[in-house]
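Take this structure first; my questions come after.
Each chain gets a letter, A, B and so on, in the order the sequences are listed, and its residues count up from 1.
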Amino acid sequence: MLKLFNTLSGEKEIFTPLEDNKVKMYVCGVTVYDYCHIGHARSSIVFDTIRRYLKYKGFDVTFVKNFTDVDDKIIKRANEENKSINEITDFFIKAHDEDMDKLNILRPDYTPRATEYIDGMIKLCEKLIEKGFAYESNGDVYFKVRSFKDYGKLSKRDLDDLLAGARVDVNEIKEDPLDFALWKRSKEGEPGWNSPWGRGRPGWHIECSVMSAEILGIPFDIHGGGKDLIFPHHENEIAQSEAAEGKEFARYWIHNGFVNINKEKMSKSLGNFFTIRDVLKEVDPEVLRFFLLTTHYRSPLDFSFDNLLEAENALERIYTTIDELDSAVFNNKKPVQKAKIDEIIDRFRKDFVESMDDDFNTASAISNIFELIKEVNLLLSEKLNSEDLNYLKVRFEEVKSIIRDVLGILTKTPSEWFKMNLSIDEGELQKLIEEREIARRNKDFAKADAIRNELKSKGVELLDTPAGTKFRARRLRGG
RNA sequence: GGCGACGUGGCCGAGUGGUUAGGCAACGGUCUGCAAAAUCGUGUACCCCGGUUCAAUUCCGGGCGUCGCCUCCA
């Protein structure tokens with residue numbers, strides 16, 4: 001039974017979709033004016049994993065993630081670089097897609113761009129004005145926050161407390177300082193679309209209300225995004241959509257925690273961010289994905305390269321076992337272990353599902369993987385007979401594909417994994433390995449060890465196994 | 001100021017009213033020509049102070065600390 005934490009109710013709820021086994025899911029994407037940082041990576045990986053798990057549970061998931069492609073920051077960037085808005089947004093959407101592909105994030109079913117839905121936004125503004133929830137003022141359109149009774153229900157805020165916050169925009173044009181813009185008049189040189197209120201452009205919140213409704217219809221099942229979107233973005237989406245349509249907007253609200261640097265939120269405005277590209281210069285994308293999944297999605301996650309490398313070592317433990325299993329040899333003397341194998345595999349499957357059913361607890365699910373790995377290592381050290389070994393391989397493959405499908409890790413073969421950081425020519429390496437083999441056969445251990453040590457200094461570890469010598473390459477890191 | 005989250009062993013990080021989380025790192029044993037991997041063992045973890053309870057790291061209250069939202073932000 002899948003439970004998830006719903007920001008709206010503030011507690012874990014049993015998940016039941018609106019329509020039998022169909023799940024409709026909308027996640028707020030990025031504003032495309034720069035490369036994605038690892039905070040974006042976390043959010044994307046979290047919701048990708050949720051989507052994957054829902055699929056694993058047998059739901060038919062429709063997944064929408066938008067691009068905000070009209071916004072002050074995009075305009076600013078375009079002006080700075082003397083480029084058109086479209087050049088900027090096309091470029092960064094492409095970069096975004098490349099980054100997400102590397103992180104093994106499945107492409108959404110729909111990736112709407114705000115500028116493709118301007119008509120719908122204008123219509124929604126008109127509807128809100130008509131119903132008395134919005135008003136035009138000086139070419140802008142504002143939502144009348146106090147006209148919507150439920151305002152604050154998501155972020156648990158009281159309107160008067162909000163006012164006391166003293167950071168609200170003081171704006172002569174608004175009737176009430178709490179009101180927010182649905183539509184903004186375009187200034188000279190800004191992009192704009194013709195509307196009943198003159199040439200203008202949409203406010204930020206309205207795009208998600210329109211795109212989600214047009215693609216999924218409302219209400220839909222799951223709406224997600226980073227914690228920072230709870231207020232005002234999602235609160236405002238709810239106000240717009242529910243005021244206009246007179247019905248519920250989205251049923252389950254899921255928000256991921258931040259990536260921190262030294263305990264502080266990573267953000268563009270603080271300037272303390274690493275882009276996905278920065279990080280992927282140092283580690284394989286799968287390491288970053290794994291690292292981001294080692295913490296529960298709602299908790300803050302402190303990023304550092306040390307922690308990232310620790311995650312790399314942990315992930316390598318899994319690949320090591322897969323490698324050992326692939327190349328394991330049997331001896332027939334041991335009794336049949338089939339029941340034991342079943343027990344280990346079945347227990348893992350049960351534990352893994354329990355972990356994921358509990359609000360997508362990937363940290364716990366990963367610990368289940370390590371429990372499995374330990375059991376498999378123990379079996380391997382007992383040296384199975386050939387039938388058992390084959391059976392273990394088959395059943396392990398089964399759970400490996402569950403892990404791969406749900407968490408999006410273990411996508412490589414062990415030899416790919418251990419080869420990816422190879423800094424020397426593989427032919428050269430094989431020659432040295434052969435040379436060492438001959439030395440070992442001649443009991444010239446001094447020479448054999450010299451070769452081992454030489455390779456070790458280049459990050460290549462040699463392993464003498466019954467099936468011959470193989471190697472594992474690790475990235476050499478300074479310091 | 002308002003609202004909210006969090007504080008777990010050297011580090012990362014789950015979780016629970018009483019029974020081993022897991023990983024990384026360290027040290028010792030087994031294995032190995034030497035290694036590597038694996039495995040076994042070791043380290044007496046739950047911010048502080050009260051309260052509830054037979055029993056609290058886990059519940060309640062207070063304190064301290066850290067962080068987030070209230071402004072663009074995943």
For this session: Determine which nucleotide pairs with G1(B), using a 3.5 Å limit on both distances of a Watson-Crick or G-U wobble pair.
Result: C70(B)
For this session: Sort out the partner of C11(B) for me: Watson-Crick or G-U wobble, both distances under 3.5 Å, none otherwise.
Result: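 Partner of C11(B): G23(B).
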With a 3.5 Å cut-off and sequence neighbours excluded, list the donor-acceptor pairs that the side chains of residues 365-373 of chain A form with protein atoms.
residue, atom, partner, partner atom, Å
Ser367(A), OG, Ser364(A), O, 2.8
Asn368(A), OD1, Ser355(A), OG, 2.7
Asn368(A), ND2, Glu371(A), OE1, 3.4

Exercise. Of all the nucleotides listed (A21(B), A74(B), A36(B)), which has the minimum atom distance to the side chain of His37(A)?
Worked result: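 Closest nucleotide among those given: A74(B).
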Can you name the atoms? Protein N/O to nucleotides 2-4 of chain B N/O, anything below 3.5 Å, with the distance.
residue, atom, partner, partner atom, Å
G2(B), O2', Asp161(A), OD2, 2.8
G2(B), N2, Arg157(A), NH1, 3.4

For this session: Kindly point out which of C34(B), G22(B), A14(B) is positioned nearest to the side chain of Ser364(A)?
Result: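 Nearest to the side-chain atoms of Ser364(A), counting from C-beta on, is A14(B).
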Could you write out each protein N or O paired with an N or O of nucleotides 23-32 of chain B at a distance under 3.5 Å?
residue, atom, partner, partner atom, Å
G23(B), N2, Glu310(A), OE2, 2.4

For this session: State whether the distance check finds a donor on one side and an acceptor on the other, under 3.5 Å, for side chain Asn260(A) versus base C67(B).
Result: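 Counting by modelled atom types and ignoring angles, no donor-acceptor contact under 3.5 Å is found here.
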Exercise. For A14(B), does either OP1 or OP2 sit under 4.0 Å from a side-chain N or O belonging to Asn361(A)?
Worked result: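 For A14(B), OP1/OP2 do not have a side-chain N/O of Asn361(A) under 4.0 Å.
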For this session: Tell me which of Glu461(A) and Phe445(A) sits closer to the 5' end of RNA chain B, going by the nucleotide each one is nearest to.
Result: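 Checking each residue's closest nucleotide, the 5'-ward one belongs to Phe445(A).
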Exercise. Residues from residues 266-273 of chain A sitting under 4.0 Å of RNA chain B, heavy atoms only?
Worked result: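 When residues 266-273 of chain A is checked for heavy atoms under 4.0 Å from RNA chain B, the hits, listed by number, are Met266(A), Ser267(A), Ser269(A).
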Problem set entry | Interface with RNA chain B, restricted to residues 296-305 of chain A and to heavy atoms under 4.0 Å |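 Correct list: His296(A), Ser299(A).
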For this session: Specify the residues of residues 447-456 of chain A, ordered by number, for which at least one heavy atom lies under 4.0 angstrom from an atom of RNA chain B.
Result: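 Output list: Asp449(A), Arg452(A).
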Exercise. Between His255(A) and His234(A), do the side chains contain an N or O donor and an N or O acceptor separated by less than 3.5 Å?
Worked result: yes
Exercise. Looking at Lys65(A), does any N or O in its side chain come under 4.0 Å of the phosphate oxygens OP1/OP2 on A74(B)?
Worked result: no
